[in-house]
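To start, the structure under review is shown below, and the notes come after it.
In this chain, numbering begins with 1 at the start of the sequence shown.
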Amino acid sequence: MNSDARNTMIVIVIALIVIVGGFLAISYSSGVKPPFTVVESHSMQHCSLDDKESRIGNIDTGDLILVRSPDKTDITTYVEGYQNGYEMFGDYGDVIVYKRPAGNPVIHRAFLWLNYNGDGTWTADALKDYDSSLWDNGGNAYNELSGTVTFYKVGNVVEGGKTVTIDLNAMLSMGSTQGYLTIGDSVNNMYFDQMSGIYPALVDGNIKSVAWKEIPWLGAIKLIAKHNKTELDTWAPNTTPLLVCELLTVILIFIALNYLFSEIMYLRRKQ
């Protein structure tokens with residue numbers, strides 16, 4: 001084996017060690033197997049009907065999202081995040097991944113935690129200090145909620161925010177007594193999951209993971225391999241060319257490192 005081939009093999013081995021080591025470190029920190037999920041829909045996408053494209057920092061179709069176990073982090077809701085300034089993926093609060101009886105898991109934002117009081121009313125502690133102009137329940141206090149609760153100016157995808165409602169009587173008829181209200185960030189998601197048919201109850205024991213970090217565009221490989229590009233081409237048409245650029249960048253970095261290592265070894269042999 002000549003020196004160039006040997007140097008290339010060394011660079012490949014080092015790269016594999018870094019990749020495997022990084023994956024093991026992410027897996028350990030995540031506490032979830034696998035430690036990532038691929039976004040296959042636009043339900044969290046921060047775009048308008050006239051401006052459809054993937055953006056770094058948001059959860060878009062074709063993104064690869066690293067996730068963590070809910071046991072390894074405290075979930076902050078949208079309402080709590082609004083009050084303390086905590087943001088993830090372009091809006092207040094955490095994004096969770098939860099299972100449902102049928103279909104793919106859902107990756108949506110945890111909006112508010114609700115507890116049933118047992119007497120026909122509900123408590124949402126996070127509403128105690130939440131701006132009163134941003135929600136209404138007919139004058140009821142945060143710990144005496146009943147009927148329909150309306151939330152105003154939700155999210156920053158739609159100019160002025162969205163107005164969304166929840167029917168607490170419907171939640172009770174579904175058998176829910178505690179859990180998270182959840183909703184997607186998309187301009188098209190004008191209803192909580194619990195009122196749109198996405199999931200028929202408050203989200204509690206079925207939480208799989210919490211969204212942690214974004215690796216933009218890389219998940220598009222799965223969609224392309226599955227011949228499931230319709231959603232990708234419709235809502236994030238810039239993802240495929242950006243993915244190509246991303247992969248080419250990785251290849252060029254590898255070539256540059258290989259060249260640099262070869263030059264270093266050549267200089268050392270000449271000394």
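- Here L247 contributes atom CG and L252 contributes atom CG; the two are 11.0 Å apart, rounded to the nearest 0.5 Å.
- Take E246 and apply the salt bridge (charged side-chain N to carboxylate O under 4.0 Å, His left out) test, not counting sequence neighbours, and it matches no residue.
- Both L127 and L181 are members of a single hydrophobic cluster when ILVMFWY side chains are connected at heavy-atom separations under 4.5 Å.
- Summarising the geometry, atom CG belonging to N189 is positioned 5.5 Å from atom NZ belonging to K162; distances are rounded to the nearest 0.5 Å.
- Grouping the Ile, Leu, Val, Met, Phe, Trp and Tyr side chains by contacts below 4.5 angstrom, directly or via other members, places I166 with Y92.
- Between the side chains of D94 and Y86, at least one donor N or O sits under 3.5 Å from an acceptor N or O.
- Contact of the R68 side chain with the V32 side chain is not registered, since no non-hydrogen atoms from C-beta on lie closer than 4.5 Å.
- Heavy-atom contacts from other residues, nucleotides or ligands closer than 6.0 Å to CG of D119 number more than 12.
- Between T177 and N115, the closest side-chain pair of non-hydrogen atoms is not below 4.5 Å.
- E53 and Q45 get closest at one heavy-atom pair: O-NE2, 3.7 Å.
- I75 contributes atom CD1, which lies 11.5 Å from atom CE of M88 (distance to the nearest 0.5 angstrom).
- Counted by atom type alone, S54 and N238 present zero donor-acceptor pairs between their side chains at under 3.5 Å.
- T121 places no side-chain N or O within 3.5 Å of a backbone atom of N117 that could act as its donor or acceptor partner.
- Residues I198 and M174 are members of separate hydrophobic clusters, defined by side-chain heavy-atom contacts under 4.5 angstrom among Ile, Leu, Val, Met, Phe, Trp and Tyr.
- Residues Q178 and D204 bring a donor and an acceptor atom of their side chains to less than 3.5 Å of each other.
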Could you pull out every donor-acceptor pair under 3.5 Å between side chains of residues 141-158 and any protein atom, sequence neighbours left out?
from	atom 1	to	atom 2	distance (Å)
S146	OG	N140	ND2	3.4
N156	ND2	G90	O	2.9

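- You'll find the side chain of I56 reaches within 4.5 Å of the side chain of E214, heavy atoms only.
- Rounding to the nearest 0.5 Å places CE of M44 at 4.5 Å from CD1 of I59.
- With sequence neighbours excluded, the residues that form a ring pair (Phe, Tyr, Trp, His ring centres under 6.0 Å) with Y180 are W113.
- Side chains of M171 and M195 form a contact here, defined as non-hydrogen atoms less than 4.5 Å apart.
- Remark: side-chain polar atoms of T37 are not paired, donor with acceptor, to backbone N or O of I65 under 3.5 angstrom.
- Nearest heavy atom pair, residue L114 against residue W122, reads CB-CE3, 3.9 Å.
- H42 and D60 form no side-chain donor-acceptor contact under 3.5 Å, judged by distance and modelled atom types alone.
- No side-chain heavy atom of T163 sits less than 4.5 Å from a side-chain heavy atom of M190.
- Atom NZ of K72 has more than 12 heavy atoms from other residues, nucleotides or ligands within 6.0 Å.
- Grouped with I253 in one hydrophobic cluster are L257, the linkage being side-chain heavy-atom contacts under 4.5 Å among Ile, Leu, Val, Met, Phe, Trp and Tyr residues.
- For residues 163-190, the salt bridge (Lys or Arg N to Asp or Glu O under 4.0 Å) pairs, not counting sequence neighbours, are R109-D185.
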Working for side chain to side chain contact (heavy atoms under 4.5 Å, CB included), residues V97 and I207: CA-CA 6 Å; V97 180; I207 299 174; over 6 Å; no

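- At a threshold of 4.5 Å between non-hydrogen side-chain atoms, the residues S29 and W212 count as touching.
- Between L242 atom CG and W217 atom CH2 the span is 4.5 Å, to the nearest 0.5 Å.
- Heavy-atom minimum distance, G31 versus S69: O-CB, 3.8 Å.
- Between the CD1 atom in I221 and the CG atom in L64 there is a gap of 9.0 Å [rounded to 0.5 Å].
- Under the 4.5 Å side-chain criterion, counting only non-hydrogen atoms from C-beta, N206 is not in contact with R100.
- Atom OH of Y130 is surrounded by more than 12 heavy atoms from other residues, nucleotides or ligands within 6.0 Å.
- Pairs passing the salt bridge (Lys or Arg N to Asp or Glu O under 4.0 Å) check and including a residue from residues 225-234, sequence neighbours excluded, read E40-K226, K229-D233.
- One hydrophobic cluster holds both W135 and Y78 under the rule that ILVMFWY side chains link at heavy-atom gaps under 4.5 Å.
- Pairing each heavy atom of C47 with each of K52, the nearest pair is CB-CA, 4.1 Å.
- Taking the centre of each ring, Y98 and Y199 come in below the 6.0 Å mark.
- Following chains of ILVMFWY side-chain contacts shorter than 4.5 Å, one cannot reach I26 starting from V95, and the two form parts of different hydrophobic clusters.
- Taking a 6.0 Å sphere around OH of Y82, one finds it holds 12 or fewer heavy atoms contributed by other residues, nucleotides or ligands.
- Contact detail for L112 and A126: the closest heavy-atom pair is CD1-CB, 3.9 Å.
- Of all heavy-atom pairs spanning P70 and V210, the tightest one is CA-CG2, 4.1 Å.
- Distance alone, capped at 3.5 Å, is enough to place a donor-acceptor pair between the D131 side chain and the S133 backbone.
- Between T182 and V106, every side-chain heavy-atom pair lies at or beyond the 4.5 Å cut-off.
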Please test D63 against T239 for side chain to side chain contact (heavy atoms under 4.5 Å, CB included), starting from the C-alpha separation and ending with a verdict. CA-CA 9 Å; D63 283 348; T239 291; 5.8 Å; no

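- Side-chain N or O atoms of T234 include one that pairs as donor or acceptor with a backbone N or O of T230 at under 3.5 Å.
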